[in-house]
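One structure is given here, and the rest of the page talks about it.
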Amino acid sequence: MSVTVRVITCLDVKDGRVVKGVNFKGLRDAGDPVELAARYDAEGADELTFLDVSASKEGRGTIVDVVKRTADQVFIPLTVGGGVRSAEDVDALLRAGADKVSVNSSAIARPELLRELSQRFGAQCIVLSVDARRVAESESASEQTTTPSGFEVTTHGGSKGTGIDAIEWARRGEELGVGEILLNSMDADGTKSGFDLEMLQAVRAAVSIPVIASGGAGKAADFPPAVQAGADAVLAASIFHFGEVSIPEVKQEMAREGIEVR
C-alpha cells in the first residue's frame, strides 16, 4: 500500500461538460471541466481523473482539447480515459498534458494492448479501468464463461456484460504490466450507498499494484472503510461536484481513523 492515501476527484465528461448520474444513467450537468479541475486543485485533491463517458459507446476519441486546457491550469496528476484504443491515442493524451491514461474496452477486446502500452510508455502511465458488477453465473454474458468471484467486467458505461471475471481480469492486468487498477462498482456508481468493500478486498488480495476505489461514495465516513478494505486511493464525483462533501472533510475523516493522507 502507498505511504499516503490519495483522494481523487473524477470528472465524467460528455460533449465537453462534466456530467453525473446514477449507474451512468440520467446524466445531469455538473459544470465546466476546466473550472471544476482548478477548484479541486485548490481544495487539495491529490489527483484528477477525466473519463469521457460517451467515447466508447459513440465510437470516437477522447477530447484532447479539454485535457490541454486543464493541464495549463492544474498541476496535480491528471488521468484521462474513454475511447483510448491505441498507442497513438495514449501518446496524444500524454502530449496534451495527461500524466496517466486509463484503458478499458479496448483492453478487453485485445488484452495484449496493455503490455504494448506499458512497454512503450511505462507502467506508471497506464491504468486499467475495471467496471465491475455483481452477477450470478447464470447471468453472465457467455454460457461458456463463468465468473467464480461473482463479479463481472462490463463495458460501455456498464451497459454491456462480458462474462469475464473481474478479479481475474485485474490480476491479468497486473501481469500485462499496468501500474494501477481503477476499480469501479457499477452497482454502486452514483448511488451514494458506500463503496463495494467485498469487491475491493477481493481485488486487493489478487494484485500488488495500487487499487483505486470508485463508485458509491455518499459521505465522508464512507472513505475510511474503503482504505481499510485495501484501497490505495479513493475516488468520488457527484458528492464533490454538488457540494455535498468537500475534499478537506474526506481527508479529515480519514486522518481521524489513523489513515495517512497528503
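Remember, it's a predicted structure, so these values are computed and weren't measured experimentally.
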Original post:
If you measure from the Lys or Arg side-chain nitrogens to the Asp or Glu carboxylate oxygens, is any gap between Glu175 and Arg171 under 4.0 Å?
Top reply: no
Original post:
Salt bridge or not for Asp196 and Arg134, using N-O below 4.0 Å?
Top reply: yes
Subject >> Closest approach of Pro33 to Val18 (non-hydrogen atoms, all atoms of both residues) >> reply: CA-CG2, 3.5 Å
Original post:
Between Tyr40 and His241, how do the two ring planes meet: parallel, tilted or perpendicular, split at 30° and 60°?
Top reply: tilted
Subject >> Any donor-acceptor N/O pair, Thr191 side chain to Ala188 backbone, under 3.5 Å >> reply: yes
Original post:
OG/Ser102 to CG/Asp52 distance, rounded to the nearest 0.5 angstrom?
Top reply: 11.5 Å
**OP:** Report whether Val261 and Val245 are members of the same hydrophobic cluster (ILVMFWY, side-chain heavy atoms less than 4.5 Å apart, transitive linking).
**Re:** yes
Original post:
Between Leu128 and Leu114, is any pair of side-chain heavy atoms under 4.5 Å apart?
Top reply: yes
Original post:
Quick one: do Lys219 and Glu244 make a salt bridge, cutoff under 4.0 Å?
Top reply: no
Subject >> Audit row: Leu93, Val64, side chain to side chain contact (heavy atoms under 4.5 Å, CB included) steps and yes/no >> reply: CA-CA 6 Å; Leu93 289 168; Val64 174; 4.2 Å; yes
**OP:** Test side chain to side chain contact (heavy atoms under 4.5 Å, CB included) on Arg69 and Asp32 and set out the steps.
**Re:** CA-CA 11 Å; Arg69 290 189 290 120; Asp32 177 76; 4.3 Å; yes
Subject >> Criterion side-chain contact (heavy atoms from CB on, under 4.5 Å) against Arg133, the qualifying member of Asn184, Asp189, Val153, Asp187 >> reply: Asp187
Original post:
Is a salt bridge present between Arg95 and Asp91, judged by a nitrogen-to-oxygen distance below 4.0 Å?
Top reply: yes
Original post:
Could Arg17 and Asp12 be called an ion pair, given the rule that one side-chain N must be under 4.0 Å from one carboxylate O?
Top reply: no
**OP:** Identify whether Phe151 and Leu200 are in the same connected component of the hydrophobic contact network (ILVMFWY, side-chain heavy atoms under 4.5 Å).
**Re:** yes
Original post:
Is there a side-chain contact between Phe223 and Val5 (heavy atoms, below 4.5 Å)?
Top reply: no
Original post:
Is Arg6 salt-bridged to Glu180, going by a charged N under 4.0 Å from an acidic O?
Top reply: yes
Original post:
Honestly curious: do Phe121 and Leu182 fall in one hydrophobic cluster under the side-chain, below-4.5 Å linking rule?
Top reply: no
Original post:
What is the distance from atom CD1 of Ile212 to atom CG of Leu183, rounded to the nearest 0.5 Å?
Top reply: 9.5 Å
Subject >> side chain to side chain contact (heavy atoms under 4.5 Å, CB included) evaluation trace for Val227 with Val234 >> reply: CA-CA 7 Å; Val227 178; Val234 285; 4.0 Å; yes
Original post:
What is the distance from atom CD1 of Ile167 to atom CD of Glu152, rounded to the nearest 0.5 Å?
Top reply: 12.5 Å
Original post:
Rounded to the nearest 0.5 Å, what separation is found between the CG atom of Asp222 and the OG atom of Ser193?
Top reply: 8.0 Å
Original post:
Taking all atoms of both residues into account, what is the closest heavy-atom pair of Ala206 and Glu174, and its distance?
Top reply: O-OE1, 4.1 Å
Subject >> Considering all heavy atoms, the nearest Ile8-Phe240 contact >> reply: O-CE1, 4.1 Å
Original post:
Between Thr79 and Val127, is any pair of side-chain heavy atoms under 4.5 Å apart?
Top reply: yes
Original post:
Side chains of Trp169 and Pro111: closer than 4.5 Å at any heavy-atom pair?
Top reply: yes
Subject >> Thr162 side chain near Thr154 side chain, heavy-atom distance below 4.5 Å >> reply: no
Subject >> Connected via hydrophobic side-chain network under 4.5 Å: Val101 and Val178 >> reply: yes
Subject >> Sub-4.5 Å side-chain heavy-atom contact between Glu43 and Ile247 >> reply: yes
Original post:
Can Val211 and Ile209 be said to form a side chain to side chain contact (heavy atoms under 4.5 Å, CB included), step by step?
Top reply: CA-CA 7 Å; Val211 176; Ile209 55 177; 5.6 Å; no
**OP:** State, to 0.1 Å, how close Pro210 and Gly179 come at their nearest heavy-atom pair, and which atoms those are.
**Re:** CD-O, 3.3 Å
Original post:
Which pair of non-hydrogen atoms, one from Arg204 and one from Asp232, has the smallest distance, and what is that distance?
Top reply: NH1-OD2, 2.6 Å
Original post:
Does a side-chain N-to-carboxylate-O contact under 4.0 Å join Glu116 and Arg110?
Top reply: yes
Original post:
Quick one: OG1 on Thr4 to CZ on Arg262, what's the gap to the nearest 0.5 Å?
Top reply: 4.0 Å
Original post:
Is there side-chain contact between Leu48 and Val74, with heavy atoms separated by less than 4.5 Å?
Top reply: yes
**OP:** Kindly give the heavy-atom pair with the smallest separation between Val80 and Ala98, and that separation in Å.
**Re:** CG2-CB, 3.8 Å
Original post:
Heavy atoms, side chains only, cut-off 4.5 Å: are Val66 and Phe50 in contact?
Top reply: yes
**OP:** Would you give the length of the straight line joining atom CG of Leu11 to atom CD of Glu35, rounded to the nearest 0.5 angstrom?
**Re:** 11.5 Å
**OP:** Determine whether Ile164 and Val103 fall in the same hydrophobic cluster, where Ile, Leu, Val, Met, Phe, Trp and Tyr are linked whenever their side-chain heavy atoms lie under 4.5 Å apart.
**Re:** yes
